[in-house]
Amino acid sequence: LIDGAMIVHLAVYGLRLETSLTIATAMVSAFLIGNIIFQVPLGWLADRLNGYYVLAICSVVGVLCSIAITVFAPNQYIILPFLMILGGFTYGLYTIALTLLGERFYGNNLVAANAAFAIMWGVGGIAGPTLGGMAMDKMGPQGLPLTIVIACSLFLIMLVFHHLKVVRP
């Protein structure tokens, strides 16, 4: 959901903030560069910590970076590093979750779980741009980062409920 919303609407977000086309494009590039460079460090961290904790960290960083983007949006140069971090940590949700899926399921169950995971990724890829666009139409450009705040917050809430279910008998 997050990647779909950001990749489709981030340039539009930049233009609605009245940045130049060059800066709007740089915003998309910063987000995608973060997608790439943070996966190895996040994987390393997930190897040393519980993967669910890394998912929680990714969710919290997603919320904080999205809020920072709304606060610093008038200065597009300041938000570029936040976009890079946001891209890396929110894509880390996908990477780490897929790793946890591989640790939890085996054989035919892994095939079925991966298929369900891929379907949900596709649903998010359709829902993200739709929700992000609707939010921008209703609230102005800051509706896009707000969509990410809500998505990361809901993911974090689901993690907490999962943890409580696992901890309690």
Side-chain angles (χ1 to χ4, degrees), residues 1-14 16-17 23-73 76-102 114 116-136 139 141-163:
L1 187 142
I2 296 167
D3 255 23
M6 294 298 277
I7 291 169
V8 169
H9 293 297
L10 195 50
V12 175
Y13 172 78
R16 287 194 180 174
L17 292 175
I23 295 298
T25 305
M27 292 167 71
V28 176
S29 297
F31 183 80
L32 292 174
I33 288 167
N35 270 354
I36 296 165
I37 66 172
F38 280 94
Q39 299 321 296
V40 172
L42 287 172
W44 178 87
L45 189 61
D47 286 342
R48 279 140 186 84
L49 299 176
N50 181 320
Y52 292 100
Y53 294 142
V54 177
L55 287 176
I57 291 168
C58 289
S59 297
V60 169
V61 170
V63 168
L64 295 176
C65 282
S66 296
I67 292 169
I69 288 166
T70 62
V71 170
F72 296 113
Q76 46 291 23
Y77 295 107
I78 291 176
I79 67 172
L80 290 175
F82 287 112
L83 284 167
M84 187 179 297
I85 295 166
L86 178 67
F89 278 80
T90 56
Y91 196 75
L93 293 170
Y94 171 84
T95 306
I96 303 304
L98 190 59
T99 302
L100 291 171
L101 183 104
N114 190 51
F117 195 88
I119 289 168
M120 292 310 296
W121 181 83
V123 168
I126 293 168
T130 304
L131 294 172
M134 287 175 23
M136 287 176 66
M139 296 179 249
Q142 299 307 348
L144 182 61
L146 179 62
T147 302
I148 307 311
V149 167
I150 292 168
C152 288
S153 297
L154 289 173
F155 192 88
L156 187 59
I157 290 167
M158 288 189 299
L159 278 173
V160 168
F161 279 114
H162 172 77
H163 180 72

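Remember, it's a predicted structure, so these values are computed and weren't measured experimentally. Heavy-atom basis, side chains included; hydrogens, waters and symmetry copies ignored.
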Can you see which heavy atom on [X] is nearest to which on [Y], and at what distance?
| X | Y | result |
| --- | --- | --- |
| Gly4 | Pro129 | O-CG, 3.5 Å |
| Ile126 | Thr130 | O-OG1, 3.0 Å |
| Gly132 | Thr147 | CA-OG1, 3.9 Å |
| Val28 | Ala11 | CG2-N, 3.6 Å |
| Cys152 | Gly62 | SG-CA, 3.8 Å |
| Ala5 | Leu144 | O-CD1, 3.8 Å |

Can you measure from [atom1] ([X]) to [atom2] ([Y]) and round to the nearest 0.5 angstrom?
| X | Y | atom1 | atom2 | value |
| --- | --- | --- | --- | --- |
| Gln39 | Thr95 | CD | OG1 | 3.5 Å |
| Ser66 | Phe82 | OG | CZ | 11.0 Å |
| Ile69 | Leu83 | CD1 | CG | 4.0 Å |
| Thr90 | Phe155 | OG1 | CZ | 11.0 Å |
| Ile79 | Ile23 | CD1 | CD1 | 9.0 Å |
| Leu45 | Cys58 | CG | SG | 8.0 Å |

Ile36 and Leu32, any side-chain heavy atoms less than 4.5 Å apart: no
Side chain to side chain, Met6 and Leu86, heavy atoms closer than 4.5 Å: yes
So Phe89 and Phe38, would you call those rings parallel, tilted or perpendicular, with 30° and 60° as cut-offs? tilted
ring-ring contact (aromatic ring centres under 6.0 Å, His included) against Phe31, all qualifying residues, sequence neighbours excluded: none
Are there more than 12 heavy atoms of other residues, nucleotides or ligands under 6.0 Å from atom CE of Met120? no
Taking only residues at least two apart or on different chains, which pairs with a member in residues 26-36 satisfy side-chain hydrogen bond (donor to acceptor under 3.5 Å, both in side chains)? Asp3-Asn35
Assess whether side-chain contact (heavy atoms from CB on, under 4.5 Å) is satisfied between Met136 and Leu146, documenting all intermediate values. CA-CA 9 Å; Met136 287 176 66; Leu146 179 62; over 6 Å; no
Sequence neighbours excluded and cut-off under 3.5 Å, please list the side-chain donor-acceptor pairs for residues 48-55, or say none.
unit_1, atom_1, unit_2, atom_2, d
Arg48, NH1, Trp44, O, 3.2
Asn50, OD1, Tyr52, N, 2.7

